[in-house]
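By convention in this document, chain letters (A, B, ...) are assigned in the order of the sequence lines, proteins followed by strands, and residues within each chain are numbered from 1. Below, each value reflects all heavy atoms present in this structure, side chains not excepted, and no hydrogens, waters or symmetry copies.
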2 protein chains.
Amino acid sequence: MPSFGEYLRQCRERHLSEGDKNYSLRKTAQRLGIEPSYLSKIERGDFQPPSEEVIVNMAHDLGEDPDVLLAMAGKLSTDLREIILKRPKLFAQLLRELKEQPDHAILRITREVQDGEW
Amino acid sequence: MPSFGEYLRQCRERHLSEGDKNYSLRKTAQRLGIEPSYLSKIERGDFQPPSEEVIVNMAHDLGEDPDVLLAMAGKLSTDLREIILKRPKLFAQLLRELKEQPDHAILRITREVQDGEW
DNA sequence: TTAAGTATGTAGTATATACTACACACTATA
DNA sequence: TATAGTGTGTAGTATATACTACATACTTAA
């Protein structure tokens, strides 16, 4: 699995190789509101991943999933954290149960809740 | 709802008022491996809540639920964060669905997973 | 061939986090 | 009436987080 920085560079260069010249390091950095040298160091792994806000902007700019990009940076989005912290006992118990469950089981629960079977 | 510091002091003073003299601020701080003045300031809300490690120690020392105490400090335990970060897409979706669900629905899911109905 | 655009290197900064060390004043006990 | 124990106030520190500013070297298009 690539590191956060490597993955970021891959995404950006994919856009470039598809012919969109707006995905140079400088132009991308400008859209993100950060210094090009900062983005360079993040992509190269010289610096830690940036703040949640910048990562979410990156995800939107690159067409990636914010939660996945945040996870690659070792971060959990604030809204998810708050969902858990409002009912910590309940969610702690559920999550520790689901830890060992396969993907399809979690997906199935999600679907059933969506379908209002609760 | 009391703040983290207020709640901490309530817990500690409960032990004291039940006659256990080991729950003075100084002795408690010593068991926790922190300075008494630091604990004093935390309880009074002069300082931010301490690190996850110290909060978990506090919970054990006071007979409280670590996840609840961490939540009062605005923190999520590392193990729960990691459960989510390993499958961010899956858990993000589930959590955002469960956000609006009542307690009993979440409890019911937890029980059914426990009982191996999946 | 020069001007614009590319990435990168060096050297900082501001703010937050997570504490320690020690002195002080008050209170209960022996 | 010492002294042991109580909580608190002042003043720091070390480390991490999240960046900026500017200079430099290389590349490409006019």
Spacing of [X] atom [atom1] relative to [N] atom [atom2], expressed in whole Å:
X: A:Lys41; N: D:dC19; atom1: NZ; atom2: P; value: 13 Å
X: A:Glu13; N: C:dT6; atom1: CD; atom2: P; value: 13 Å
X: B:His15; N: D:dT6; atom1: NE2; atom2: C1'; value: 19 Å
X: A:Ile42; N: D:dA18; atom1: CD1; atom2: P; value: 10 Å
X: A:Glu35; N: C:dT8; atom1: CD; atom2: C1'; value: 13 Å
X: B:Leu32; N: C:dT20; atom1: CG; atom2: P; value: 11 Å
X: A:Glu52; N: C:dA16; atom1: CD; atom2: C1'; value: 16 Å
X: A:Asn22; N: C:dT6; atom1: CG; atom2: C1'; value: 15 Å

What's the closest nucleotide to the [X] side chain, out of [options]?
X: B:Val54; options: C:dG9, D:dG7, C:dC19; answer: C:dC19
X: B:Arg26; options: D:dG9, D:dT20, D:dG7; answer: D:dG7
X: A:Leu25; options: C:dA18, C:dA7, D:dC19; answer: C:dA7
X: B:Tyr38; options: D:dC19, C:dT8, C:dA18; answer: C:dA18

Kindly give the heavy-atom pair with the smallest separation between A:Met72 and A:Pro2, and that separation in Å.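 Where A:Met72 meets A:Pro2 most closely, the heavy atoms are CE-O, 3.3 Å.
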Contact class for B:Ser40 (heavy atom, under 4.0 Å): base, sugar-phosphate, or nothing? base
Heavy atoms only, 4.0 Å cut-off, all strands: where does A:Ser51 land among base, sugar-phosphate and nothing?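 Answer is sugar-phosphate: A:Ser51 comes under 4.0 Å of backbone atoms only.
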Any pair counted as side chain to side chain donor-acceptor pair (under 3.5 Å), so long as it reaches residues 84-94 of chain B, sequence neighbours left out: A:Asp103-B:Arg87
Does a salt bridge link B:Glu43 with B:Arg12, judged by any charged N lying under 4.0 Å from a carboxylate O? yes
Taking 4.0 angstrom as the limit, do A:Arg14 and A:Glu64 come out as a salt bridge? yes
Under 4.0 Å: is that the gap between some side-chain N or O of B:Arg12 and OP1 or OP2 of D:dT6? no
OP1, OP2 of D:dA18 versus side-chain N and O of A:Lys75: anything below 4.0 Å?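 True: A:Lys75 side-chain N/O within range (under 4.0 Å) of D:dA18 OP1/OP2.
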Upstream residue (5' side of DNA chain C) when A:Asp46 and B:Pro50 are each assigned their closest nucleotide: A:Asp46
For DNA chain D, whose closest nucleotide is more 5', that of B:Phe47 or that of B:Lys27?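 Mapping each residue to its closest nucleotide by heavy atoms, the 5'-most match is B:Lys27.
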Pair B:Glu52, B:Ser77 - check side chain to side chain donor-acceptor pair (under 3.5 Å), show working. CA-CA 7 Å; B:Glu52 177 179 348; B:Ser77 84; 4.8 Å; no
Taking the six-membered ring of B:Tyr23, is NZ or CZ of B:Arg31 closer than 6.0 Å to its centre and within 45° of its axis? yes
Suppose we call a contact any N or O donor and acceptor under 3.5 Å apart; does that hold for the side chain of [X] and the base of [N]?
X: A:Ser37; N: D:dA21; value: yes
X: B:Arg44; N: D:dG7; value: no
X: B:Lys21; N: D:dT6; value: no

